[in-house]
Amino acid sequence: MTRLSVEMLAADAAEPITSAGDAQLGVAVLAGIALIVVLITRFRLHAFLALTIGSLALGVLAGAPLDKTLASFTGGLGSTVAGVGVLVALGAILGKLLADSGGADRIVDTILARAGGRSMPWAMVLIASVIGLPLFFEVGIVLLIPVVLMVARRGGYSLMRIGVPALAGLSVMHGLIPPHPGPLVAIDALGADLGITLALGLVVAIPTVIVAGPLFSRYAARWVDIPAPDGMLPQRAAEDGGPEKRPGFGVTVATVLLPVVLMMVKALVDIVVDDPADGLQRVTDIIGSPLIALLAAVLVGLFTLGRAAGFTKERISTTVERSLAPIAGVLLIVGAGGGFKTTLIDIGVGRMILDLSKDWAIPGLLLGWLIAVAIRLATGSATVATISAAGLVAPLAADMSASHAALLVLAIGAGSLFFSHVNDAGFWLVKEYFGMDVGQTVKTWSVMETIISVVGIVCVLLLSLVL
């Protein structure tokens with residue numbers, strides 16, 4: 001699916017489940033978020049329970065019927081687990097195969113040998129940006145986590161010094177560069193040119209990822225100095241009774257990059273062909289979907305990693321089984337975060353922001369960014385922020401040049417990344433994978449996302465002065 005219309009995506013959003021006014025909705029949102037934070041930080045309640053309670057309280061305070069609130073929360077939880085959960089599970093299996101076979105060791109040894117000291121964060125941001133170009137953020141996370149954790153542990157680096165550049169590379173690609181869904185939605189809604197948007201997106205992405213990644217990671221490592229979490233850290237193959245022989249570097253990297261290649265092929269075919277009835281595009285849409293691409297990598301990895309290391313069928317089965325246990329808590333927390341986000345959307349918070357922003361008299365590029373920021377803060381969804389903001393400012397693009405229409409797409413994309421917090425499933429995904437508490441996640445992940453958003457809009461406004 002390459003060109004998504006605002007109408008198609010907006011059709012999924014039903015009428016608000018409450019008739020509360022803007023003031024009541026605003027109070028309900030603030031109270032719901034505050035309750036979640038207090039339950040987790042003050043009362044040390046598990047994040048899954050806190051998100052569940054906060055979602056119910058949000059609906060009650062907004063005046064929504066309890067049954068509809070429950071339906072919104074459980075529907076959001078289910079759709080999030082269905083979308084993200086399968087990817088996390090497949091990524092965990094691939095990561096365990098990498099670790100147990102010695103393939104992850106091979107990659108980490110090569111990275112440590114080729115890049116060290118001050119160059120390591122730059123190497124990580126480059127790797128993450130390349131991998132993240134065709135991938136959804138969640139897919140990139142599950143592919144990179146084993147490498148990030150092992151490089152940090154074995155190289156003696158601060159986890160944030162290595163992890164933040166990797167996260168920045170993935171996030172910038174996700175928010176600013178087609179063929180990711182968000183930018184494509186805005187391109188379609190605004191009638192922007194895909195090629196121009198891609199070119200200008202790369203111009204904006206390079207300084208943005210440098211500032212938010214390697215440069216910011218210096219401060220993030222000082223604010224949050226934590227080791228790689230043992231629960232998520234793959235054991236070195238030799239420490240886990242692994243084989244003496246390991247898969248080669250080339251075949252290991254090829255296995256990891258297989259989903260990247262499949263999704264890149266899909267993206268290129270979608271751009272060149274752009275005909276849903278075409279046989280080639282139908283095939284690539286299937287093999288390039290995140291689930292099929294990761295599943296293919298896992299199946300290939302059973303042979304290129306497991307069998308190459310001399311694993312028996314029983315050993316491979318044990319490896320797959322052991323890979324799933326550590327991610328159970330992650331899936332529940334990420335799912336509950338998706339439930340809270342859906343509850344926010346269903347009570348009408350996105351529409352409240354749109355109504356309030358209609359009378360803002362400011363320049364078009366800045367208006368698109370601010371609307372996306374407001375909806376992102378309220379709903380936690382970058383996609384919802386992009387869809388809503390693009391739909392609202394679409395009339396402005398009619399009078400813009402091709403370059404400025406592309407810049408408007410990028411302004412909206414930058415705004416949609418602003419300050420990820422407790423209503424964003426991605427916040428909980430990063431928190432659990434890196435073993436941080438809520439405060440530490442805000443100091444690192446949330447601040448990094450804000451830097452990406454602010455630097456992005458600054459670059460967009462500077463480009464608008466010369467184009």
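All figures in this text were calculated on a predicted structure; none of them were measured in a lab.
The pair K431-D437 does not count as a salt bridge, with every side-chain nitrogen at least 4.0 angstrom from each carboxylate oxygen.
A ring-centre distance under 6.0 Å is not found for F340 and W428.
Looking at H421, its side chain never comes within 3.5 Å of a backbone N or O of V442 through a donor-acceptor pair. Side-chain atoms of S171 never come within 3.5 Å of backbone atoms of A168 as a donor-acceptor pair (strictly under, hydrogens ignored). Using modelled atom types, no side-chain atom of R376 and backbone atom of A385 make a donor-acceptor pair closer than 3.5 Å. The backbone N or O of E449 sits nowhere less than 3.5 Å from a side-chain atom of S453 that would complete a donor-acceptor pair. The closest donor-acceptor contact from the side chain of H404 to the backbone of L467 lies under 3.5 Å. Under a 3.5 Å cut-off, the side chain of S119 and the backbone N or O of A115 do not form any donor-acceptor pair. A donor-acceptor distance shorter than 3.5 angstrom exists from the side chain of S289 to the backbone of I286, with no hydrogens or angles considered.
For the atom pair NZ of K266 and CD1 of I292, the computed distance is 12.5 Å after rounding to the nearest 0.5 Å. Of the inter-residue distances, the one linking L407 atom CG with L190 atom CG reads 11.5 Å to the nearest 0.5 angstrom. With values rounded to the nearest 0.5 angstrom, W369 atom CH2 is found 11.5 Å from S416 atom OG. Taken to the nearest 0.5 Å, the CG atom of L58 stands 11.5 Å off from the CG atom of L51. The distance from the SG atom of C459 to the CG atom of L410 is 10.0 Å, given to the nearest 0.5 Å. Note that CD1 of I145 and CD of E432 are 11.5 Å apart. Values are rounded to the nearest 0.5 Å.
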TODO: Check step by step if side chain to side chain contact (heavy atoms under 4.5 Å, CB included) holds for V454 and F419.
DONE: CA-CA 10 Å; V454 173; F419 196 76; over 6 Å; no

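Side chains of T304 and T255: a donor-acceptor N/O pair is present below 3.5 angstrom, by distance only. For W223 and T444, the side-chain atoms include no donor-acceptor pair closer than 3.5 Å.
Minimum heavy-atom separation, S129 to G169: OG-CA, 3.5 Å. For the residue pair V148 and A166, the shortest heavy atom distance occurs at CG2-CB, 3.9 Å. The two residues V164 and A212 make their nearest non-hydrogen contact at CG1-O, 3.5 Å. Of all the heavy atoms in V224 and S158, the pair that sits closest is O-OG, 4.4 Å. Nearest heavy atoms, P183 versus G175: CG-O, 3.6 Å. Considering every non-hydrogen atom in both L198 and I177, the closest pair reads CD1-CG2, 3.6 Å.
Because its NZ or CZ atom is not both nearer than 6.0 Å to the ring centre of Y157 and within 45° of the ring axis, R161 does not count as a cation-pi partner of that residue.
If you run side-chain contact (heavy atoms from CB on, under 4.5 Å) between S55 and each of N423, I36, T343, only T343 comes through.
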